[in-house]
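Written below as structure tokens is the structure these notes are about.
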Amino acid sequence: METKEEKITAYKGFDKNLQCRGFQYEIGKEYELPEGETPDVCKRGFHACENPLEVLNYYFLNDDANFARFCEVEQSGCLSKEENTTKVASSKIKIKAELKFAEWVKLGVEWIKEKTSPYKVDVKSENTLNDNGGDSAQIGSSGDSAQIGSSGNSARIGSSGDYAQIGSSGDYAQIDSTGEDSVIMCAGYNSRVKAKVGSWITLAEWYKDEESEIWKPKCVKTEYVDGGRIKADTWYMLVDGEFKEV
């Protein structure tokens with residue numbers, strides 16, 4: 001954990017009343033810790049995440065008692081950053097604008113693309129783009145910096161190259177990445193994923209609404225594969241809002 005002075009754009013979740021842990025916020029307002037207090041991530045300060053999708057770790061989408069609202073914020077002053085996540089505690093925060101959920105997801109995708117852009121990393125290898133919309137797709141890639149997308153159900157996706165960007169929106173997807181520093185998003189029902197240390201993995205959990213009999217998203221969660229709390233080369237699913245080994 002490090003503490004330093006700077007200014008960043010980040011993203012914050014709130015309940016339906018635009019409160020976080022009982023503190024009331026307003027759009028356009030700026031807030032500051034009392035004089036003499038310094039932020040300490042997870043303990044003290046105004047918290048937000050640089051990765052928009054990571055905010056969904058703390059706010060469930062369909063919990064009526066804690067319905068999530070999302071805002072773009074500016075964190076400044078003294079910053080305290082958590083290791084292995086993008087969570088930041090700051091001494092100052094400005095609530096810039098509220099975002100619709102569709103805008104939130106788009107920003108999350110853009111953050112992932114920016115994070116893994118071949119122009120941001122030193123890669124001297126092939127760059128592969130592979131998109132598939134059919135069900136039961138079987139997709140393989142061995143090149144570095146691969147960009148793989150699948151919208152069909154029951155997809156089985158494998159990538160052995162480094163810096164892969166892999167996404168699937170179909171149900172029952174299985175994504176296996178053996179490359180380093182990959183980013184994997186698997187948003188379908190009952191999907192599972194495994195990756196190497198240094199990678200980011202995102203999964204979605206769904207539930208069936210008894211009244212409408214429609215499957216709806218319960219939560220979306222992003223984790224960093226650190227080799228300890230989230231193990232490398234281990235299949236995970238999202239169960240009751242937590243990553244579970246399967």
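It should be emphasised that the depicted structure is a prediction, and the values quoted were computed from it without experimental measurement.
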Checklist line | Step-by-step side chain to side chain contact (heavy atoms under 4.5 Å, CB included) determination, K29 to I95 | finding: CA-CA 6 Å; K29 293 290 185 67; I95 314 302; 5.6 Å; no
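- Atom OG of S191 sits about 9.5 Å away from atom CH2 of W206, to the nearest 0.5 Å.
- Using a 4.0 Å cut-off between a side-chain N of Lys or Arg and a carboxylate O of Asp or Glu, E180 and K196 do not qualify as a salt bridge.
- The line from CG of L203 to CG of L238 is 6.0 Å long, rounded to the nearest 0.5 Å.
- Counting all heavy atoms, side chain and backbone alike, V55 lies closest to Y11 at CG2-O, 3.2 Å.
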Item checked: From CA spacing to verdict: side-chain hydrogen bond (donor to acceptor under 3.5 Å, both in side chains), T222, E54 -> CA-CA 5 Å; T222 299; E54 192 174 330; over 6 Å; no
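- Rounded to the nearest 0.5 Å, atoms CD1 (I230) and CD (E245) are 8.5 Å apart.
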Checklist line | Worked verdict on S90 versus L33 for side chain to side chain contact (heavy atoms under 4.5 Å, CB included) | finding: CA-CA 8 Å; S90 59; L33 286 177; over 6 Å; no
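- A heavy-atom distance below 4.5 Å is found between the side chains of M237 and N190.
- At distances below 3.5 Å, at least one donor-acceptor pair connects side-chain atoms of S80 with backbone N or O atoms of V41.
- E223 contributes no side-chain N or O that, together with a main-chain N or O of F243, makes up a donor-acceptor pair within less than 3.5 Å.
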Margin query: Applying side chain to side chain contact (heavy atoms under 4.5 Å, CB included) to V197 and D233, what does each step give before you reach the verdict?
Written below: CA-CA 8 Å; V197 169; D233 303 317; over 6 Å; no
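- W235 and I175 fall into different hydrophobic clusters, where Ile, Leu, Val, Met, Phe, Trp and Tyr residues are linked whenever their side-chain heavy atoms come under 4.5 Å apart, directly or through other members.
- Under the 4.5 Å side-chain criterion, counting only non-hydrogen atoms from C-beta, V246 is not in contact with V239.
- Counting heavy-atom neighbours within 6.0 Å of K94 NZ, excluding the residue itself, gives a total of 12 or less.
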Item checked: Criterion salt bridge (Lys or Arg N to Asp or Glu O under 4.0 Å) on E72 and K12, from CA distance to verdict -> CA-CA 7 Å; E72 180 178 306; K12 184 170 180 63; over 6 Å; no
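- Side-chain atoms of S182 never come within 3.5 Å of backbone atoms of S199 as a donor-acceptor pair (strictly under, hydrogens ignored).
- Counting only distance, with no hydrogens or angles, the side chain of H47 and the backbone of C42 share a donor-acceptor pair below 3.5 Å.
- Between L79 and P39, the closest side-chain pair of non-hydrogen atoms is not below 4.5 Å.
- When atom types are taken as modelled, the side chain of R44 and the backbone of T38 share a donor-acceptor pair closer than 3.5 angstrom.
- The existence of a salt bridge linking D226 and K231 is excluded, since no basic side-chain nitrogen approaches an acidic carboxylate oxygen closer than 4.0 Å.
- Between E6 and K81, at least one side-chain nitrogen of the basic residue sits less than 4.0 Å from a carboxylate oxygen of the acidic one, meeting the salt-bridge criterion.
- How far OH of Y189 is from NZ of K218: 12.0 Å, rounded to the nearest 0.5 Å.
- Here E50 does not pair with K87 in a salt bridge; the nearest charged N to carboxylate O distance is not below 4.0 Å.
- Put simply, the side chain of I8 does not reach to within 4.5 Å of the side chain of S76, judged on heavy atoms.
- Partners of Y25 by ring-ring contact (aromatic ring centres under 6.0 Å, His included), not counting sequence neighbours, listed by chain and number: F14, F23, Y31.
- Of the possible donor and acceptor atoms, one in the side chain of D209 sits under 3.5 Å from a partner among the backbone N and O of S212.
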Check: How far apart are the C-alpha atoms of E242 and K221, what are their side-chain angles, what is the distance that settles it, and do they pass the salt bridge (Lys or Arg N to Asp or Glu O under 4.0 Å) test?
Finding: CA-CA 8 Å; E242 300 294 336; K221 193 166 187 177; 3.1 Å; yes
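- Using a 4.0 Å cut-off between a side-chain N of Lys or Arg and a carboxylate O of Asp or Glu, E98 and R69 qualify as a salt bridge.
- In the displayed structure, Q24 atom CD is contacted under 6.0 Å by more than 12 heavy atoms of other residues, nucleotides or ligands.
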Next item on the list: Check the pair D240 / E205 against side chain to side chain contact (heavy atoms under 4.5 Å, CB included), numbers first and verdict last.
Entry: CA-CA 8 Å; D240 295 329; E205 183 178 3; 4.1 Å; yes
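- I27 and C71 make their closest contact through CD1-SG, 3.5 Å (heavy atoms, listed as atom of the first residue, atom of the second, distance).
- At least one donor-acceptor pair closer than 3.5 Å links the side chain of Q75 to the backbone N or O of V88.
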